[in-house]
Amino acid sequence: QVQLVESGGGSVQAGGSLRLSCAASSTIYTRYCMGWFRQVPGKEREGVAAIDSDGNTNYAGSVKGRFTISKDNAKNTLTLQMNNLKPEDTAMFYCAADPAPCLHAGVGTIDDYNYWGQGTQVTVSS
């Protein structure tokens, strides 16, 4: 069983930066498809960024150029660097993982990932 634990959320003013981290309970980063999703109350969970086992990345259009997904296989850590944050980025952010390769288009949907963290809240004020 894979356990994912997010950290790094918080409150920041528009234009600021935050760095989210996701720690895994096992050595999965070299083989798994990894992603970050976000959700606001009343809306569906949406994909933000994904990274495959080779380090290839995909981003949602709304965050491209502002967010960077990366992983450290040696430390079992997935990171989402978020710069130039906007109030519309306010959401609960979730780390996700799946043992299958990232064969989906773009970041994928919630159905493409088998394992999820509990989430970390990001709040951006104007």
Side-chain angles (χ1 to χ4, degrees):
Q1 183 73 12
V2 174
Q3 290 184 328
L4 304 173
V5 179
E6 303 96 336
S7 62
S11 297
V12 65
Q13 288 191 329
S17 299
L18 282 174
R19 187 179 180 89
L20 305 183
S21 294
C22 175
S25 59
S26 60
T27 307
I28 66 173
Y29 293 100
T30 57
R31 299 176 286 115
Y32 279 40
C33 180
M34 306 292 300
W36 286 97
F37 282 69
R38 64 185 180 186
Q39 188 172 23
V40 297
K43 290 191 175 182
E44 292 186 355
R45 194 170 296 189
E46 65 170 358
V48 173
I51 186 167
D52 68 13
S53 57
D54 293 327
N56 300 305
T57 59
N58 273 297
Y59 296 93
S62 59
V63 306
K64 194 172 292 185
R66 299 189 297 124
F67 291 10
T68 302
I69 187 172
S70 61
K71 60 176 181 170
D72 186 329
N73 294 334
K75 296 182 179 179
N76 268 3
T77 302
L78 180 74
T79 299
L80 184 69
Q81 177 66 43
M82 306 185 294
N83 297 327
N84 191 21
L85 282 160
K86 304 176 180 180
E88 52 263 42
D89 293 319
T90 295
M92 185 72 79
F93 279 72
Y94 297 89
C95 174
D98 196 84
C102 292
L103 299 179
H104 44 73
V107 180
T109 70
I110 59 174
D111 293 331
D112 294 313
Y113 296 84
N114 231 339
Y115 302 105
W116 294 86
Q118 294 300 306
T120 185
Q121 178 68 36
V122 171
T123 302
V124 185
S125 58
S126 57

Practice task
Taking the six-membered ring for Trp and the single ring otherwise, decide whether the centroids of Phe37 and Trp116 are under 6.0 Å apart.
Solution key: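 Between Phe37 and Trp116, the centre distance is under 6.0 Å.
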
Determine whether a donor-acceptor pair (N or O, by modelled atom type, separation under 3.5 Å) exists between the side chain of [X] and the backbone of [Y].
X	Y	result
Glu6	Thr120	no
Thr90	Val124	yes
Lys71	Ser53	yes
Ser62	Ala60	no
Asp52	Asp54	yes

Heavy-atom side-chain contact between [X] and [Y] under 4.5 Å:
X	Y	value
Thr79	Arg19	yes
Asn56	Ile51	no
Leu18	Phe67	no
Leu78	Leu4	no
Trp36	Cys22	yes
Thr123	Met92	no

Under 3.5 Å, sequence neighbours excluded: what are the donor-acceptor pairs made by side chains of residues 8-17?
from: Ser17; atom 1: OG; to: Asn83; atom 2: OD1; distance (Å): 2.9

Do you know the tightest heavy-atom contact between [X] and [Y]?
X	Y	value
Val107	Asn58	CG2-O, 3.8 Å
Tyr113	Gly35	CE2-N, 3.8 Å
Tyr32	Val2	OH-CG2, 3.9 Å
Ala91	Val40	CB-CG1, 3.7 Å

Practice task
Decide whether Leu80 and Ile110 are clustered together by the hydrophobic rule: side chain heavy atoms of Ile, Leu, Val, Met, Phe, Trp, Tyr closer than 4.5 Å, transitively.
Solution key: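 Result: no, two separate clusters.
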
Exercise for the section: Using the test salt bridge (charged side-chain N to carboxylate O under 4.0 Å, His left out), find all partners of Arg66 that sit at least two apart in sequence or belong to another chain. Expected result: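 So Arg66 forms a salt bridge (charged side-chain N to carboxylate O under 4.0 Å, His left out) with Asp89.
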
Problem - Any pair counted as salt bridge (Lys or Arg N to Asp or Glu O under 4.0 Å), so long as it reaches residues 90-115, sequence neighbours left out - result: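 For residues 90-115: none.
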
Practice task
Report yes or no: is the cationic atom of Arg45 (NZ for Lys, CZ for Arg) closer than 6.0 Å to the six-membered ring centre of Tyr94, at no more than 45° off its axis?
Solution key: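 Output yes; distance and angle both within limits.
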
Exercise for the section: Please check if atom CD in Glu88 has more than 12 non-hydrogen atoms from other residues, nucleotides or ligands closer than 6.0 Å. Expected result: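 Buried by this count: over 12 neighbours within 6.0 Å.
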
Problem - Neighbour count above 12 (heavy atom, 6.0 Å) for Gln121 CD - result: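 Result for CD/Gln121: enclosed.
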
Problem - Contacts of type ring pair (Phe, Tyr, Trp, His ring centres under 6.0 Å), residue Phe93, not counting sequence neighbours - result: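 Not a single residue meets the ring pair (Phe, Tyr, Trp, His ring centres under 6.0 Å) criterion with Phe93.
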
Practice task
List for me each residue that meets side chain to side chain contact (heavy atoms under 4.5 Å, CB included) alongside Ser7, sequence neighbours excluded, and say none if there are none.
Solution key: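 Checked Ser7 against side chain to side chain contact (heavy atoms under 4.5 Å, CB included); matches are Ser21.
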
Practice task
Quick one: which residue pairs count as a disulfide (SG to SG under 2.5 Å) with a foot in residues 97-126, not counting sequence neighbours?
Solution key: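 Those involving residues 97-126 are Cys33-Cys102.
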
Exercise for the section: Applying side-chain contact (heavy atoms from CB on, under 4.5 Å), run through Glu46 and Arg38 and close with a yes or a no. Expected result: CA-CA 5 Å; Glu46 65 170 358; Arg38 64 185 180 186; 2.7 Å; yes

